[in-house]
Amino acid sequence: MARVFNFSAGPSTLPVPVLEQAQADMLDYRGTGMSVMEMSHRGGLFEEILQNAKADLRTLLGIPDGYQVLFLQGGASLQFSMVPMAFLAPGERADYVVTGAWGQKAVEAARLAGEACVAWDGGEDGFRDVPDALPSGGSYVHLTSNETIQGVQFSADPTADAPVVCDMSSDILSRPVDVSSYALIYAGAQKNMGPAGATVVIVRDEFLSRQKAGLPPMLDYRVHAKNDSMYNTPPTWSIYVSGLVYRHLIDTGGLAATQARNEAKAKLIYDAVDGSGGFYVGHAAPRARSRMNVVFTLRNDSLTKRFVSEATAQGLDGLKGHRALGGVRASIYNAFPMEGCHALAQFMEDFARRHG
Ligand code: PMP
């Protein structure tokens with residue numbers, strides 16, 4: 001079996017023990033003679049899978065009482081619309097902190113629902129940094145904890161005078177967070193959790209009580225909360241594999257240990273950038289550097305294509321930067337192995353030596 005080092009931004013690499021468990025369960029889950037994909041979501045076994053996944057996610061993130069955990073569909077992209085439809089009432093304002101392309105998409109969607117303001121915009125500077133302080137006074141303030149395309153990440157939990165809504169799609173479970181700093185967290189599964197399909201929403205009850213009335217049921221967080229994420233058929237396979245990932249994270253030391261691994265992994269690549277004498281140029285300001293998506297360019301951009309194809313030939317897959325930005329992006333989520341970061345750092349050094 002040959003597995004590549006998969007630097008894809010998402011869907012992305014999953015822990016091998018999780019894949020092996022899913023494989024072992026594939027044809028016959030616990031003597032049922034069927035896979036999880038094939039079983040009723042209303043049966044006792046799936047109910048157990050869902051409840052265990054929820055409980056393990058609560059344990060991992062230390063989610064306090066007074067918060068709901070929901071598994072929805074529609075990706076983080078649907079949350080861009082659901083949040084303002086639910087929490088931005090006429091005559092009110094929501095503040096968006098835009099530190100990259102996903103925050104931009106979020107505010108564009110929110111403008112269709114109400115008065116959404118760009119309170120801070122990193123766009124003029126090419127999205128390289130995060131603000132020092134967050135705006136106050138709105139119905140909520142929306143931020144993206146990690147911008148997947150630009151590789152810009154907040155280094156700490158926010159403090160704000162407004163309820164904080166956070167798109168955590170690309171760094172959830174990569175480090176401990178203080179959930180009580182947030183009114184609502186959302187994240188698609190396909191980076192740090194499992195296969196695409198489920199979108200996790202963690203929402204404070206008190207914030208939920210402010211939700212507008214009259215929403216269509218599928219867009220109504222309270223309907224999903226009341227039905228324990230079973231208002232309709234949930235994304236069962238995505239929830240099951242995500243549950244295996246949560247258990248795996250608990251078994252490998254929880255989020256503090258995960259964070260330490262992630263810091264060490266990212267450092268290997270940033271050190272290769274910083275030590276290249278300008279051959280490689282990091283995109284984000286050092287204080288806003290993402291531990292999940294390391295984004296850099298080559299000083300001589302005409303070498304970028306060659307860099308990516310030579311890397312691919314050496315089993316370093318998926319390094320081509322996002323089409324909006326060019327350059328190189330190394331996505332190194334939780335399940336991406338340390339050896340892959342070593343291999344990339346080595347390759348970078350070698351490539352710079354040959355072409356510098
Ligand atoms: N927000 C962020 C930070 C993302 O990285 C992505 C996906 N790359 C999205 C939102 C959109 O997620 P989805 O494709 O699940 O709708």
Side-chain angles (χ1 to χ4, degrees), residues 6-14 70-85 96-112 116 118 120-123 127-130 140-155 158 164-175 177 182 184-202 218-219 229 234-235 237-239 241-242 245 262 283-284 288-295 318-325 329-336:
N6 175 8
F7 290 93
S8 172
S12 48
T13 197
L14 286 168
L70 310 174
F71 291 92
L72 308 184
Q73 300 189 63
S77 299
L78 182 58
Q79 295 304 305
F80 294 168
S81 299
M82 258 177 92
V83 164
M85 285 173 78
Y96 280 68
V97 173
V98 180
T99 52
W102 291 109
Q104 218 163 23
K105 284 218 158 130
V107 71
E108 278 161 21
R111 280 192 178 125
L112 300 172
V118 176
W120 193 87
D121 185 4
F127 295 124
R128 292 168 196 279
D129 211 346
V130 294
Y140 62 84
V141 50
H142 179 282
L143 50 96
T144 312
S145 52
N146 182 65
E147 280 285 355
T148 320
I149 294 174
Q150 282 83 8
V152 167
Q153 187 177 30
F154 284 87
S155 62
V164 176
V165 172
C166 184
D167 176 0
M168 242 182 237
S169 291
S170 55
D171 67 354
I172 194 165
L173 302 180
S174 70
R175 58 184 175 184
V177 293
Y182 303 88
L184 188 150
I185 293 168
Y186 61 88
Q190 68 270 22
K191 297 162 203 308
N192 267 338
M193 294 192 272
T199 310
V200 165
V201 172
I202 301 163
M218 279 298 285
L219 304 180
S229 303
W237 178 252
S238 178
I239 292 169
V241 180
S242 297
V245 169
N262 287 332
H283 179 76
R289 281 178 165 179
S290 169
R291 269 71 178 153
M292 298 279 98
N293 313 94
V294 180
V295 176
L319 284 166
K320 188 164 181 276
H322 188 276
R323 61 191 182 281
L325 206 64
R329 171 172 56 169
S331 296
I332 48 171
Y333 300 115
N334 286 348
F336 189 89

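When a ligand or atom number is given, it counts from 1 through the structure's own listing order. This one's a predicted model, so the numbers in the text were calculated from it and none came from an experiment. Side chains included, hydrogens not; waters and symmetry mates left out as well; all remaining heavy atoms used.
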J.: Write out the residue and atom name of the closest protein heavy atom to atom 12 (O) of ligand 1, then the distance separating them to 0.1 Å.
T.: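 Its nearest protein heavy-atom neighbour is Ala76 CB, 3.5 Å.
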J.: If you round to the nearest 0.5 Å, how far is OG of Ser81 from NZ of Lys105?
T.: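 Result: 12.0 Å between the selected atoms.
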J.: For ligand 1, which atoms sit closer than 4.0 Å to a heavy atom of Thr148?
T.: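 By the 4.0 Å cutoff, the relevant atoms are 2 (C), 3 (C), 4 (C), 5 (O).
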J.: Just which atoms of ligand 1 are under 4.0 Å from any heavy atom in Gly75?
T.: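 Listed by number with element: 15 (O), 16 (O).
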J.: Heavy-atom contact under 4.0 Å between Ile149 and ligand 1?
T.: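 For ligand 1, residue contact (heavy atoms, under 4.0 Å) with Ile149 is absent.
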J.: Drop me the distance from Thr99's OG1 to Arg128's CZ, to the nearest 0.5 angstrom.
T.: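 Separation between the atoms: 14.0 Å.
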J.: What I want to know is whether Gly188 and ligand 1 share at least one N or O pair that is separated by under 3.5 angstrom.
T.: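 Such a contact does not occur with ligand 1.
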J.: Is there side-chain contact between Leu72 and Met82, with at least one heavy-atom pair below 4.5 Å?
T.: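 Result yes, sub-4.5 Å side-chain heavy-atom pair found.
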J.: Under a 4.0 Å heavy-atom limit, does Ser169 contact ligand 1 with its side chain, its backbone, both, or neither?
T.: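 Within the 4.0 Å criterion, Ser169 contacts ligand 1 through side-chain atoms alone.
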J.: Would you say Tyr186 and Val200 make side-chain contact, with heavy atoms under 4.5 Å?
T.: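 Not in contact.
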J.: Which bit of Glu147 is near ligand 1, meaning a heavy atom under 4.0 Å away: side chain, backbone, both or neither?
T.: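 Answer for Glu147: neither.
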J.: Tell me: protein heavy atom nearest atom 14 (O) of ligand 1, and distance?
T.: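 Of every protein heavy atom, Gln190 NE2, 3.7 Å lies nearest to atom 14 (O) of ligand 1.
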J.: Check for me whether Gln79 has a heavy atom closer than 4.0 Å to any atom of ligand 1.
T.: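 In this structure, Gln79 fails to qualify as a contact of ligand 1 - no heavy atom is under 4.0 Å.
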J.: Side chains of Asn262 and Ser174: is there a donor and an acceptor less than 3.5 Å apart?
T.: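 There is no such pair between these side chains.
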J.: Contact between Leu325 and Phe127 at the side-chain level, heavy atoms closer than 4.5 Å - yes or no?
T.: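 Heavy-atom side-chain distance check fails, nothing below 4.5 Å.
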J.: So, 4.0 Å and heavy atoms of Lys191: is ligand 1 close enough to count as a contact?
T.: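 Under 4.0 Å: yes for Lys191.
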J.: Give the ring-plane orientation class for His142 versus Phe80, where under 30° counts as parallel, over 60° as perpendicular and anything between as tilted.
T.: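 His142 and Phe80: perpendicular rings.
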J.: Out of Asn293, Leu78, Thr199, Asp167, who gets a non-hydrogen atom closest to atom 10 (C) of ligand 1?
T.: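 Considering heavy atoms of Asn293, Leu78, Thr199, Asp167, the nearest to atom 10 (C) of ligand 1 sits in Asp167.
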J.: With distance as the sole criterion, is a donor-acceptor pair present between the side chains of Asp171 and Tyr333 under 3.5 Å?
T.: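 Their side chains do not contain a donor-acceptor pair, so the 3.5 Å distance test is not met.
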J.: Could you tell me whether some N/O pair between Asn146 and ligand 1 is separated by less than 3.5 angstrom?
T.: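 Min N/O separation from ligand 1 is not below 3.5 Å for Asn146.
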J.: To the nearest 0.1 Å, how far is atom 6 (C) of ligand 1 from its closest protein heavy atom, and which atom is that?
T.: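 Its nearest protein heavy-atom neighbour is Trp102 CE2, 3.5 Å.
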J.: Nearest to atom 16 (O) of ligand 1, what protein heavy atom do you find, and at what distance?
T.: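 Heavy-atom neighbour on the protein nearest atom 16 (O) of ligand 1: Ser77 OG, 2.6 Å.
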J.: Is it true that the side chains of Ser290 and Asn146 contain a donor and an acceptor less than 3.5 Å apart?
T.: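 Side chains of Ser290 and Asn146: pair found under 3.5 Å.
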J.: With only distance considered, is Ser170 within less than 3.5 Å of ligand 1 through an N or O on each side?
T.: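 Looking only at distances, the answer is no, because the N/O contact criterion of under 3.5 Å is not met.
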J.: Find out whether Thr148 and His322 are in side-chain contact, i.e. whether some heavy atom of one side chain is under 4.5 Å from a heavy atom of the other.
T.: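 When only atoms from C-beta onward are counted, His322 and Thr148 do not touch, as no gap falls below 4.5 Å.
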